[in-house]
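Working notes, beginning with the structure itself.
Protein chains get the first letters and strands the later ones, always in sequence-line order, with residue 1 at the start of each.
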2 protein chains.
Amino acid sequence: MTPAALWLIEDNGLFRATLARGLERTGRFVCTGSFRTAEAALAAAVPGAAPAAVLLDVGLPGMDGIEALPRLRERLPSSALIVLTVFEDEDKIMRAICSGAQGYLLKTAPVSEIAAAIDDVLGGGSPMNSRIARRVLELFSRLVPPRKDYGLTARETEILQQMVEGRIKKEIASHVGLSVHTVNTHMRNIYEKLQVNTVNGAVAKALRERLV
Amino acid sequence: MTPAALWLIEDNGLFRATLARGLERTGRFVCTGSFRTAEAALAAAVPGAAPAAVLLDVGLPGMDGIEALPRLRERLPSSALIVLTVFEDEDKIMRAICSGAQGYLLKTAPVSEIAAAIDDVLGGGSPMNSRIARRVLELFSRLVPPRKDYGLTARETEILQQMVEGRIKKEIASHVGLSVHTVNTHMRNIYEKLQVNTVNGAVAKALRERLV
DNA sequence: AAGGAACTCACATGAAGGTGCGATTGTCTA
DNA sequence: TAGACAATCGCACCTTCATGTGAGTTCCTT
């Protein structure tokens, strides 16, 4: 099996060289690109020279690793993008995940582990720390939540939708073809059922719990 | 450290007993509940007797493990729910993830590994197979829309968050330690940047586009 | 036929919000 | 050094909202 082509994007020259040597020594990889900044890598990212995987540091000078992700993805659609991090900032990693990286490795991990993880990614996996995984799952269940039943009637749901659209009572009334008074009454009932007492409370609850 | 209370829900009596014995032998766990069906576990799930974690087989007679998840979650809100699977059916696992399980273990894994994974879950992690993780990430990047940048400043974002919490200007002011006037001004700027002109419009936009 | 639930409309009042028109203070950066 | 921008605070005026209290209709179930 021929070695897989890798790119490294990492501002620390020593770490970059050490990692490159360590990975090449496994015989499974060859570093065809070595960049100090995301800008340099983007400039080199032309079709035809795409590596199998890109190892990308998040803490880069100039363009942030997270910012670079979507652009790299655009220019290297078939390369696996793997984020290297010191794992302090979970939020950064969450943003990286949303930007379409395939793997998240700790810079502190031994080379053998990093190599195994790269293989894993190239084989269709996404190795990730279990704590990160938990964060992902939590975000996930917020995206796809079990919608509770507050016993809203059809009319109430309709008006709640209008509220979520950002309309005021008057507008809702004319949209739905009712008097403001009626809309007012429905909103009271919605408030009671959702246990809130402002429009934005109701809107927040509706959107969070996917009631609409 | 006192052992963590576990429940096992698994129809195969032999496997259940073997697993229970193996886990208890580590000294870190004690099996306080052992059920053949999800229905039996649900009947026993009363407040006060909640275990630290529940190990739940997906392939159960009667009520499916996946169906049982949301109900268990409802009755045992503070227990970790861990799915045991033979890992053939990724789709089942995806549905389990959407139902709010915290961990996914292979039934074929050695007891030591299962024990380590339970510890991991109890410690706030979610161990998962890297192939599953990839599936999750793919689904994720499809669900999460690219967040637009409205150029909100740090302060504005902070106040927008408070708005989403349902607080009124006065409350926001005291929470953030500002005068109502300042909060007012920030809200105006938020409105302009988000192209809205009511709290609930801003809240709706923030939640929809995940600005907060 | 009785009862309940959903839906409709109305008035009034105090609280909260939206907006026009100011101002001063820092901290960057061209 | 001038200018841009974020952040802070202030007043005034009108709009919109929340809520208490009422009542009439239709439709479905018991």
Compare the minimum distances between each of [options] and the side chain of [X], then state the nucleotide with the smallest one.
X        : options              : result
B/Lys193 : C/dT8, D/dC9, D/dA6  : D/dA6
A/Thr153 : C/dA10, C/dT8, C/dA6 : C/dA6
B/Thr182 : C/dC9, D/dT8, D/dC11 : D/dT8

Q. Which pairs with one or both residues in residues 185-199 of chain A pass side chain to side chain donor-acceptor pair (under 3.5 Å), sequence neighbours excluded?
A. A/Glu156-A/Lys193
Q | Residue pairs involving residues 37-54 of chain A (criterion side chain to side chain donor-acceptor pair (under 3.5 Å); sequence neighbours excluded) | A | none
Gap between atoms [atom1] and [atom2], on [X] and [N] respectively (whole Å):
X        : N      : atom1 : atom2 : result
B/Ile172 : D/dA7  : CD1   : C1'   : 16 Å
B/Ile190 : C/dG17 : CD1   : C1'   : 14 Å
B/Ile159 : D/dA6  : CD1   : C1'   : 12 Å
A/Asn189 : C/dA5  : CG    : P     : 12 Å
B/Leu194 : C/dG18 : CG    : P     : 13 Å
A/Glu156 : C/dA5  : CD    : P     : 13 Å
A/Leu178 : C/dA6  : CG    : P     : 16 Å
B/Arg155 : D/dC9  : CZ    : C1'   : 13 Å

Donor-acceptor pairs are to be reported for all side-chain atoms of residues 74-82 of chain A against protein atoms at under 3.5 Å, with residues two or more places apart or in another chain.
| unit_1 | atom_1 | unit_2 | atom_2 | d |
| --- | --- | --- | --- | --- |
| A/Ser79 | OG | A/Pro51 | O | 2.6 |

For [Y], does its backbone N or O pair with a side-chain atom of [X] as donor and acceptor, under 3.5 Å?
X        : Y        : answer
A/Arg73  : A/Ala68  : no
B/Arg208 : B/Val203 : no
A/Lys169 : A/Asn184 : no

Q. Do B/Trp7 and B/Thr32 have a side chain donor and acceptor closer than 3.5 Å?
A.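 Side chains of B/Trp7 and B/Thr32: pair found under 3.5 Å.
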Please enumerate all protein N or O atoms sitting under 3.5 Å from an N or O of nucleotides 25-30 of chain C, with distances to 0.1 Å.
none

Q) Reading nucleotides 16-25 of chain D from the 5' end, what letters show protein touch, with B for base, S for backbone sugar-phosphate only, - for no heavy atom under 4.0 Å? A) SSBBBB----
Q. So, A/Glu10 and A/Arg36, do they make that salt bridge, N to O below 4.0 Å?
A. no
Q. For B/His181 and D/dT8, is the shortest distance between a side-chain N/O and OP1 or OP2 below 4.0 Å?
A. no
**Q.** Residues that A/Glu158 engages under side-chain contact (heavy atoms from CB on, under 4.5 Å), provided they are two or more places apart
**A.** A/Arg155, A/Val176
